[in-house]
**Student:** 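Questions regarding the structure given below will be posed in turn.
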Amino acid sequence: MSAIPGLTLGMKGTAEIVVGEQHTAPKVGSGRVHVLATPVMINLIEAAALAAVEHLLPPGQQSLGTHLDVRHFAATPVGMRVSAAAELVKIDGRLLSFRVTAADAIETIGDGTHERVVVTLERFDQRVQKKVAQIG
C-alpha cells in the first residue's frame, strides 16, 4: 500500500535523447571512446523514474535518487536515439523502487534497479542550509 496518495505499483515513465557529442564518454570524463557515456545513461534512467511519479507528488514534496544498481553493456554511437524506461515496482513508505532499462534503436543497452526517496522540500532545504553554514 502506498503512503503517498496517487502512487501505485506498475506506474511507468520514459525519457529519451539523441546521442550527441556532448553525451559521449570523453565529454563527460568517463572514458575515451566516443559513444554514449554511462553517466548520461544513468541520468536518462533517473529522468524516466521522475517521469513516472514526480507529477503526482503533493506540493512541497519531491523525490531524490538514493541508490542505483545498473549495468551498461552495449555501446551507442553518436546520432542514435536512446530511451530509458522505469517501472515502479515497490513502495515502502517514502522509498520508491524502480526496475529500469535503457535501449537504443538496435538493442537493450542497460538495465537494473533504482531507488528514490520522497522528501519534504522545506525540511530538506533546512538540512542543506545547515551544511552550508558549517562550511562558511
Side-chain angles (χ1 to χ4, degrees):
M1 173 143 209
S2 173
I4 303 163
L7 297 188
T8 58
L9 297 182
M11 298 181 85
K12 296 179 181 177
T14 60
E16 65 180 31
I17 60 167
V18 174
V19 178
E21 186 61 31
Q22 71 273 23
H23 303 120
T24 64
K27 291 294 181 179
V28 302
S30 69
R32 292 184 282 174
V33 182
H34 289 264
V35 295
L36 179 69
T38 300
V40 176
M41 183 189 78
I42 288 169
N43 180 256
L44 202 58
I45 283 169
E46 286 204 278
L50 283 171
V53 298
E54 201 75 10
H55 63 287
L56 295 171
L57 296 179
Q61 292 191 339
Q62 183 175 327
S63 70
L64 303 174
T66 58
H67 185 86
L68 283 157
D69 184 4
V70 296
R71 303 180 308 150
H72 187 185
F73 47 79
T76 303
V78 171
M80 189 173 279
R81 182 173 305 281
V82 173
S83 61
E87 179 182 358
L88 184 60
V89 295
K90 184 178 179 185
I91 303 169
D92 184 7
R94 299 182 307 123
L95 185 64
L96 310 177
S97 299
F98 298 86
R99 181 176 333 150
V100 295
T101 59
D104 62 27
I106 306 297
E107 62 189 336
T108 300
I109 63 166
D111 64 12
T113 59
H114 176 41
E115 292 179 351
R116 302 185 71 78
V117 66
V118 177
V119 300
T120 300
L121 290 173
E122 184 178 342
R123 280 192 298 228
F124 182 79
D125 188 53
Q126 287 172 357
R127 291 166 86 186
V128 170
Q129 293 309 313
K130 195 174 189 179
K131 272 190 177 180
V132 168
Q134 290 176 4
I135 62 171

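The figures here come from the full heavy-atom set of this structure, side chains too, leaving out hydrogens, waters and symmetry mates. One-based numbering along the sequence shown.
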**Student:** So Leu95 and Thr66, side-chain contact (heavy atoms from CB on, under 4.5 Å) or not? Walk me through it.
**Tutor:** CA-CA 9 Å; Leu95 185 64; Thr66 58; 4.2 Å; yes
**Student:** Closest heavy-atom contact between Ala25 and Val33?
**Tutor:**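 Scanning both residues, the minimum pair turns out to be CB-O, 3.5 Å.
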**Student:** What is the distance from atom CD of Gln61 to atom CG of Leu121, rounded to the nearest 0.5 Å?
**Tutor:** 8.0 Å
**Student:** I'd like to know if Val119 and Val132 are part of one continuous hydrophobic network [Ile/Leu/Val/Met/Phe/Trp/Tyr, side-chain heavy atoms within less than 4.5 Å].
**Tutor:** yes
**Student:** For side-chain contact (heavy atoms from CB on, under 4.5 Å), just list the numbers for Val19 and Val35, CA-CA rounded to whole Å, side-chain angles, deciding distance to a tenth of an Å, and then say yes or no.
**Tutor:** CA-CA 8 Å; Val19 178; Val35 295; over 6 Å; no
**Student:** Testing the basics here: between Thr38 and Ser30, what is the closest heavy-atom pair and its distance to 0.1 Å?
**Tutor:**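 Answer, listing the atom of Thr38 first, then Ser30: N-OG, 4.4 Å.
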**Student:** Of the non-hydrogen atoms in Ala52 and Phe98, which two are nearest, and what is the gap between them?
**Tutor:**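 Looking at all heavy atoms of both residues, the closest pair is CB-CE2, 4.1 Å.
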**Student:** Measure the shortest side-chain to side-chain distance between Thr76 and Met41 over non-hydrogen atoms and say whether it is less than 4.5 angstrom.
**Tutor:** no
**Student:** In terms of hydrophobic clusters joined by side-chain contacts under 4.5 Å, are Ile106 and Leu44 together?
**Tutor:**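 Result: no, two separate clusters.
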**Student:** Any idea which heavy atoms bring Thr101 and Ile45 closest together, and the distance?
**Tutor:** O-CG1, 4.5 Å
**Student:** Could you tell me whether a side-chain N or O of Arg94 sits under 3.5 Å from a main-chain N or O of Val117, the two making a donor and an acceptor?
**Tutor:**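 Not at all, since once roles are kept as given, no pair shorter than 3.5 Å links the two residues.
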**Student:** Should the pair Glu46-Arg116 be classified as a salt bridge under the 4.0 Å nitrogen-to-oxygen rule?
**Tutor:** yes
**Student:** Same cluster or not: Leu68 versus Leu64, using hydrophobic residues (I, L, V, M, F, W, Y) connected whenever any side-chain heavy atoms lie under 4.5 Å apart?
**Tutor:**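 Leu68 and Leu64: separate clusters.
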**Student:** Linking I/L/V/M/F/W/Y whenever their side-chain heavy atoms sit closer than 4.5 Å, directly or via other members, would Val70 and Val28 fall into one cluster?
**Tutor:** yes
**Student:** Taking CZ in Phe124 as the centre, count heavy atoms belonging to other residues, nucleotides or ligands within less than 6.0 Å. Is the count above 12?
**Tutor:** no
**Student:** Could you tell me the separation between the CG atom of Leu88 and the NZ atom of Lys12, rounded to the nearest 0.5 Å?
**Tutor:**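 Reported value, rounded in 0.5 Å steps: 11.5 Å.
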**Student:** First locate atom CD1 of Ile4, then atom CG of Leu96, and finally report the distance between them rounded to the nearest 0.5 Å.
**Tutor:** 5.0 Å
**Student:** To check you understand the geometry: which heavy-atom pair defines the closest contact between Ala74 and Thr108, and what is its length?
**Tutor:** CB-O, 3.9 Å
**Student:** Give the minimum heavy-atom separation between Ala15 and Ala48, together with the two atoms involved.
**Tutor:**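 Ala15 and Ala48 have their closest heavy atoms at CB-N, 3.8 Å.
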**Student:** Decide yes or no for Leu9 and Ile91: does some side-chain heavy atom of the first lie under 4.5 Å from some side-chain heavy atom of the second?
**Tutor:** yes
**Student:** With the side chain counted from C-beta on, respond yes when Val40 and Ile17 share a heavy-atom pair under 4.5 Å apart, and no when they do not.
**Tutor:** yes
**Student:** Determine, for Glu16 against Arg81, whether the closest basic-nitrogen to carboxylate-oxygen distance falls under 4.0 angstrom.
**Tutor:**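 Result for this pair is yes, salt bridge flagged.
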**Student:** Verify the neighbour count for atom CD of Glu21: are there more than 12 heavy atoms of other residues, nucleotides or ligands below 6.0 Å?
**Tutor:** yes
**Student:** How far does CG of Asp111 sit from NE2 of His72, to the nearest 0.5 angstrom?
**Tutor:** 11.0 Å
**Student:** Return each pair, listed once, that meets salt bridge (charged side-chain N to carboxylate O under 4.0 Å, His left out) where at least one residue sits in residues 125-136; pairs must be two or more places apart or across chains.
**Tutor:**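 Residue pairs passing salt bridge (charged side-chain N to carboxylate O under 4.0 Å, His left out), neighbours aside: none found.
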**Student:** Taking atom CZ of Arg99 and atom NZ of Lys90, what is their separation to the nearest 0.5 Å?
**Tutor:** 13.0 Å
**Student:** May I ask you to decide if Ser63's main-chain N or O and Glu54's side chain share a donor-acceptor pair within less than 3.5 Å?
**Tutor:**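 Yes, Glu54 side chain to Ser63 backbone: donor-acceptor pair under 3.5 Å.
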**Student:** Same hydrophobic cluster for Val89 and Met11, using side-chain heavy-atom links shorter than 4.5 Å among ILVMFWY?
**Tutor:**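 They do not share one cluster, since no chain of ILVMFWY contacts under 4.5 Å joins Val89 to Met11.
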